Amino acid sequence: MVDTTQMGTPPRKTSLTHSSAQVARRKRKDVVLQGFGIAAILIAFSVLFILVASLVRTGYTAFVQTHVTLEVFVDPGEISEEGLPRGGFRDVLTAALLENLPEADPDEDARAVRNILSNGAQFDLRDRVVADPSLIGQTITLTAPVSDPFDQLNKGGVNRETPEDQRRVNNQEVAWFDTLAEAGLISTPFNIGLFTHADSRFPELAGLKGAIVGSFWALLTCFVISFPIGIGAAIYLEEFAPRNRMSDFIEVNINNLAAVPSVVFGLLALAVFLNWFGLPRSAPFVGGMTLALMTMPTIIIATRAALKAVPPSIREAALGVGASKQQVVFGHVLPLAMPGILTGTIIGLAQALGETAPLLLIGMNAFITSAASSPFDASTALPTQIFIWADSPERGFVSRTSAAILVLLGFLVTMNAIAIYLRNKFERRW
Amino acid sequence: MTLIAFILLAVLATVGYVLNRQAAAAITADGTRLHSLKHFHGLFSLLSVLVPVLVLLCLYLALQTPIINMVTMASLPDGVLDGMGDGAQQLVLAEIRSVSQGRVFGTPEDWKIIAAERMVALYQYADIAMVTMVIILSSVILVLTRRRVTAEFRARQAAETIIHGFMIACSTVAILTTIGIILALAFEAIRFFEMVPFTDFLFGVNWEPQIPIREDQIAAEGAFGWLPVIVGTAVVATIAMLLATPIGLLTAIYLNEFAPRGLRAVVKPVLEILAGVPTVVYGFFAILVVAPALRGAGADLGIGISPNTALAAGGVMGIMLIPFISSFADDALSAVPRALRDGSLAIGATRGETMLKVQFPAAIPGIVGGVLLAVSRAIGETMIVVMAAGLMANLTINPLDSVTTVTVQIVTLLIGDTAFDNPKTLAAFALGLMLFILTLGINVLALRIVRKYREIYD
């Protein structure tokens with residue numbers, strides 16, 4: 001039987017140069033698997049590309065801001081030295097605008113014309129006049145941001161082809177703006193306000209200063225708490241702890257803490273720090289403590305790995321010349337492990353910088369128009385500022401949100417680059 | 001004042017170091033040999049001052065505000081707080097506090113102003129007491145440690161004992177955090193279950209967390225059933241895993257076996273970038289790009305897609321999880337002994353067959369562990385769903401519909417003002433407790449699988 005079946009099938013024709021159909025099929029399967037793999041990587045790459053491209057496309061406009069330059073006559077009739085800091089700054093500005101808009105009716109259109117300028121312009125003018133009251137009665141040159149709809153118009157965010165009733169600026173306003181542009185009064189410089197202003201209800205005035213300062217205080221607190229405690233715990237567990245149930249339990253705890261959802265840490269902070277201890281709401285200090293609890297497992301794990309990488313010969317040599325166990329660790333092992341520890345710490349802090357949910361729960365999403373001067377003042381942080389702006393209905397905040405994200409990503413890339421540099425520069429391999 | 005206290009402490013500790021070091025140096029001047037190096041005598045004094053006073057200072061700062069609040073509230077004139085609930089008393093306290101900080105809105109009653117003045121005075125006393133405490137305590141310790149400097153004193157052992165104790169304390173912080181999480185969640189959740197029966201919460205199919213404004217409103221009863229919320233969480237997590245698992249695994253397989261060295265060197269960092277993008281950014285990406293694109297596609301195909309569709313949130317979450325799964329799977333595949341792979345190749349299997357039939361099955365425990373950790377992440381992920389998923393709890397498994405998740409509800413219930421005396425706020429802690437238990441269970445399972453697998457080959 002066996003023989004007959006064998007005679008029925010043709011003998012296989014395989015050699016190194018000619019492969020049979022079966023081998024070809026098997027090889028094809030290999031190619032298909034590779035194709036799937038490449039496709040998967042391409043998907044991941046294209047998503048990252050779309051992510052960055054869409055952020056840049058919507059966000060780059062927020063890095064410049066449309067300004068209008070006006071010759072403002074500081075009318076003594078409106079502003080008097082005795083009345084400072086009150087005065088008709090807004091009317092003075094409106095008059096200056098009207099001067100450049102011959103087609104606008106000074107009485108009927110005053111209100112509409114006034115809206116070309118940002119609400120912050122009058123405060124700029126007020127600050128200048130208060131600083132130097134001799135300006136009253138003179139004509140000064142003032143460059144001020146225009147309000148959001150006109151900013152959008154200038155940057156191409158408003159399509160002039162859309163019907164008037166669906167546009168945020170009507171034909172008349174477009175004509176006014178064009179008049180100002182033709183007169184050379186419109187400029188689009190780099191938006192310094194994005195970094196020097198705190199939050200504002202008006203997109204053209206809103207900036208990231210408060211958020212950056214808040215994030216700085218929170219990260220500083222986080223570092224001051226988590227770095228020494230994390231290293232202390234790691235050294236103990238790696239170098240001193242006896243292998244028993246207690247140290248096993250601590251290890252399991254650390255590994256689990258690293259995987260606890262961040263929102264749970266927010267709940268912990270809300271119940272313990274705010275409700276039981278009565279610490280202030282929205283304070284970067286509380287945010288930093290919460291972030292420290294989340295960063296600690298990362299630092300502990302990185303430190304232990306770095307300590308483990310130091311060869312035992314170093315320890316044995318130091319012990320051999322009579323150093324105590326702690327002298328060995330603090331004098332020899334720890335300095336050698338430092339680059340690895342710092343790398344892990346910076347990566348942990350970068351994660352903490354992007355963390356949002358726990359900060360939301362302790363109220364760091366409040367609307368605060370000045371930067372915090374200490375870690376105990378109410379403040380926002382970069383990620384929560386992004387969340388606030390993403391929730392704001394004004395069109396101008398879409399590009400601000402993207403710009404804020406680009407700034408945040410810039411910080412993260414810088415931190416990671418420093419970490420990689422440290423690792424490459426100082427890490428020794430034995 | 002707090003800053004001054006800390007600076008004073010640092011100065012006094014340094015003084016202790018210098019004094020003891022000099023004292024030790026003086027002993028050696030006539031040729032006597034010390035047991036410990038001079039440095040350790042100094043270090044002993046520094047640590048003896050620093051550690052206890054620092055601990056006391058932190059405790060003091062933590063307890064100062066609650067105690068001052070209590071004293072202020074207790075010293076209010078009789079009767080003004082009569083008939084007030086917890087929430088109203090909190091409001092009074094907040095008003096007194098803001099008056100004491102100089103932020104006066106409207107015209108507060110006289111007793112509130114008096115209380116605010118008392119609060120300011122209490123804080124001043126507390127500050128003075130704090131600084132005095134630091135000075136006296138540090139000085140006493142300074143004198144005590146200074147007197148212990150002798151040639152025989154084992155300063156190194158003493159200093160090392162303190163350092164050892166400090167390190168043990170550090171490593172218990174992880175345990176304390178876990179205990180803190182469990183206590184905080186359980187404590188508030190129990191208060192919630194006193195108001196809403198546990199079975200109603202566990203099996204209820206309606207989630208409408210409003211507080212009743214009138215006594216006869218139905219919102220108080222039966223509106224805290226978490227089933228629609230957990231089902232929504234499951235829907236979003238499933239979508240995320242359906243996207244992330246195949247892409248992540250295929251990426252890992254390709255990188256591990258087929259990718260040229262140069263390509264691997266490019267792909268790995270790019271995946272790390274994807275992993276490092278904050279979730280709030282993914283959330284904005286979901287509402288800016290993905291959700292409108294899905295709606296547009298749905299409109300073209302004639303399918304109605306909700307603006308808060310679970311697909312958008314789940315899909316973006318899946319993208320977030322790709323690098324997580326691929327790096328776990330890559331590690332697991334790399335941990336398979338090379339002999340298995342070489343043996344398979346040697347008997348004529350192609351690289352693809354070796355990967356799918358030998359290496360992948362051998363790596364399965366590690367991969368399953370990684371995927372489980374990804375599931376736990378998907379369940380606990382907050383910002384993407386807060387921004388892209390819905391708020392209304394619909395009991396549905398249709399991915400085109402809007403669903404809500406556990407984390408969305410926690411954040412929306414606690415954002416803004418929070419008073420700890422109503423079921424609406426406390427419900428967030430009950431949800432948090434369930435979330436914690438769920439993710440903890442998955443994590444423990446995953447870590448156990450990973451660890452068990454490692455034991456086989458190492």
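In this text, all values refer to a predicted model and were calculated from it rather than measured experimentally. Just so we're on the same page: letters track the sequence lines, and every chain starts at 1.
No part of B/Val316 comes within reach of chain A, as not one of its non-hydrogen atoms sits under 4.5 angstrom from that chain. Using a 4.5 Å cut-off between heavy atoms, B/Ile181 touches chain A through backbone and side chain atoms alike. Using a 4.5 Å cut-off between heavy atoms, A/Val398 contacts chain B through both its backbone and its side chain. If you measure heavy-atom distances from A/Ile43 to chain B, the contacts under 4.5 Å come from the side chain alone. Heavy atoms of A/Leu293 lying under 4.5 Å from chain B belong exclusively to its side chain. Contacts between A/Glu355 and chain B at a heavy-atom distance below 4.5 Å are absent for every atom of the residue. Interface remark: B/Leu356 contributes side-chain atoms only to the contact with chain A (heavy atom separation under 4.5 Å). With a 4.5 angstrom heavy-atom cutoff, A/Thr384 does not touch chain B via any of its atoms. Interface remark: B/Val289 contributes side-chain atoms only to the contact with chain A (heavy atom separation under 4.5 Å). For B/Thr439, the part lying near chain A is the side chain, with the backbone staying farther off; criterion is any non-hydrogen pair under 4.5 Å. Contact annotation for B/Leu433: neither backbone nor side-chain heavy atoms come within less than 4.5 Å of a heavy atom of chain A. Using a 4.5 Å cut-off between heavy atoms, A/Val263 touches chain B through backbone and side chain atoms alike. Contacts of B/Val411 with chain A are made by both backbone and side-chain atoms, with heavy-atom separations under 4.5 Å. Heavy-atom distances place no part of A/Ile300 under 4.5 Å from chain B, backbone and side chain included. Proximity to chain B (any heavy atom under 4.5 Å) is shown, for A/Ser324, by both the backbone and the side chain. Contacts of B/Thr251 with chain A are made by both backbone and side-chain atoms, with heavy-atom separations under 4.5 Å. Looking at A/Leu409, the atoms closer than 4.5 Å to chain B (heavy atoms on both sides) all sit in the side chain, from C-beta outward. Of the two parts of B/Leu185, only the side chain, counted from C-beta on, holds a non-hydrogen atom closer than 4.5 Å to a non-hydrogen atom of chain A. Heavy atoms of A/Leu257 lying under 4.5 Å from chain B belong exclusively to its side chain. Residue contact with chain A, scored on non-hydrogen atoms closer than 4.5 Å, involves the backbone and the side chain of B/Glu353 alike. With a 4.5 Å cut-off on non-hydrogen atoms, B/Leu255 touches chain A through its side chain but not through its backbone. Neither the backbone nor the side chain of A/Gln351 comes within contact range of chain B, judged by heavy atoms closer than 4.5 Å.
Counting non-hydrogen atoms of neighbouring residues, nucleotides and ligands closer than 6.0 angstrom, the CZ atom of A/Phe240 exceeds 12 such neighbours. Environment of CZ in A/Phe367: crowded, with over 12 heavy atoms of neighbouring residues, nucleotides or ligands closer than 6.0 Å.
By the 4.5 Å heavy-atom criterion applied to side chains, B/Ile410 and A/Leu267 are counted as neighbours. Between B/Glu257 and A/Asp30 there is no side-chain heavy-atom pair separated by less than 4.5 Å. Contact of the B/Arg156 side chain with the A/Gln326 side chain is not registered, since no non-hydrogen atoms from C-beta on lie closer than 4.5 Å. Between A/Leu55 and B/Phe284, some side-chain heavy-atom pair lies under the 4.5 Å cut-off. When side chains are defined from C-beta on, A/Leu33 counts as touching B/Phe258, because their heavy atoms get closer than 4.5 Å.
Shown here for A/Gly232 and B/Cys170, the closest heavy-atom pair between the two residues is C-CB, 3.9 Å. Heavy atoms only, all atoms of each residue included: A/Ala390 and B/Met387 are closest at CB-CE, 3.5 Å. Between A/Ile254 and B/Ala174, the shortest heavy-atom contact is CG1-CB, 3.5 Å. Taking all atoms of both residues into account, the shortest heavy-atom contact from B/Pro278 to A/Leu408 is CG-CD2, 3.8 Å. Here the shortest heavy-atom pairing between A/Gly37 and B/Tyr254 reads CA-CB, 3.7 Å. When all heavy atoms of B/Ala184 and A/Leu268 are compared, the pair lying nearest together is CB-CD1, 4.3 Å.
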- Please walk me through it: do A/Ile405 and B/Phe285 pass side chain to side chain contact (heavy atoms under 4.5 Å, CB included)? CA-CA 10 Å; A/Ile405 288 176; B/Phe285 179 61; over 6 Å; no

- Message: Before you tell me yes or no, could you show the steps for B/Thr178 and A/Asn256 under side chain to side chain contact (heavy atoms under 4.5 Å, CB included), namely the whole-Å CA-CA distance, both residues' side-chain angles and the distance that decides it to 0.1 Å?
- Response: CA-CA 9 Å; B/Thr178 309; A/Asn256 276 326; over 6 Å; no

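When each of B/Met355, B/His164, B/Glu381 is checked for heavy-atom pairs under 4.5 Å with chain A, B/His164 comes out on top. Options B/Ile322, B/Leu288, B/Ile287 differ in how many heavy-atom pairs under 4.5 Å they form with chain A, and the most are formed by B/Leu288. Between chain B and the options A/Met246, A/Gln327, A/Met296, A/Lys325, the largest number of non-hydrogen pairs under 4.5 Å is found for A/Gln327. Put simply, of B/Val280, B/Val386, B/Ile379, B/Ile247, the one with the most heavy-atom pairs under 4.5 Å next to chain A is B/Val280. Chain B forms the most heavy-atom pairs under 4.5 Å with one residue out of A/Leu51, A/Val264, A/Ile235, and that residue is A/Leu51. Taking A/Leu274, A/Ile250, A/Ile362 one by one and counting their heavy-atom pairs under 4.5 Å with chain B, the maximum is reached by A/Ile250. Note on A/Val272, A/Ile231, A/Ile38: by heavy-atom pairs under 4.5 Å with chain B, the leading option is A/Ile38. Chain A forms more heavy-atom pairs under 4.5 Å with one residue of B/Ser171, B/Gly380, B/Gly276 than with any other, namely B/Ser171. Of the listed residues B/Leu63, B/Ile442, B/Leu250, the one with more heavy-atom pairs under 4.5 angstrom with chain A than any other is B/Leu250. Each of A/Val260, A/Thr401, A/Leu237, A/Ile386 has some count of heavy-atom pairs under 4.5 Å with chain B, and the biggest count is that of A/Thr401. The greatest number of non-hydrogen atom pairs below 4.5 Å with chain A, out of B/Leu271, B/Ile253, B/Ile319, is found for B/Ile319.
Between A/Phe249 atom CZ and B/Thr172 atom OG1 the span is 11.5 Å, to the nearest 0.5 Å. Between B/Met383 atom CE and A/Ser262 atom OG the span is 9.0 Å, to the nearest 0.5 Å. Within the model, atoms CD of B/Glu272 and CD1 of A/Ile420 stand 7.0 Å from one another, a figure rounded to the nearest 0.5 Å. Atom-to-atom distance recorded for A/Phe330:CZ and B/Ile163:CD1 is 5.5 Å, nearest 0.5 angstrom. The distance from the CG atom of B/Asn443 to the CG atom of A/Asn255 is 10.0 Å, given to the nearest 0.5 Å. Here A/Asn275 contributes atom CG and B/Phe187 contributes atom CZ; the two are 8.5 Å apart, rounded to the nearest 0.5 Å.
Checked against A/Pro261 for a side chain to side chain contact (heavy atoms under 4.5 Å, CB included), the options B/Leu435, B/Thr407, B/Val406 give a single hit: B/Leu435.
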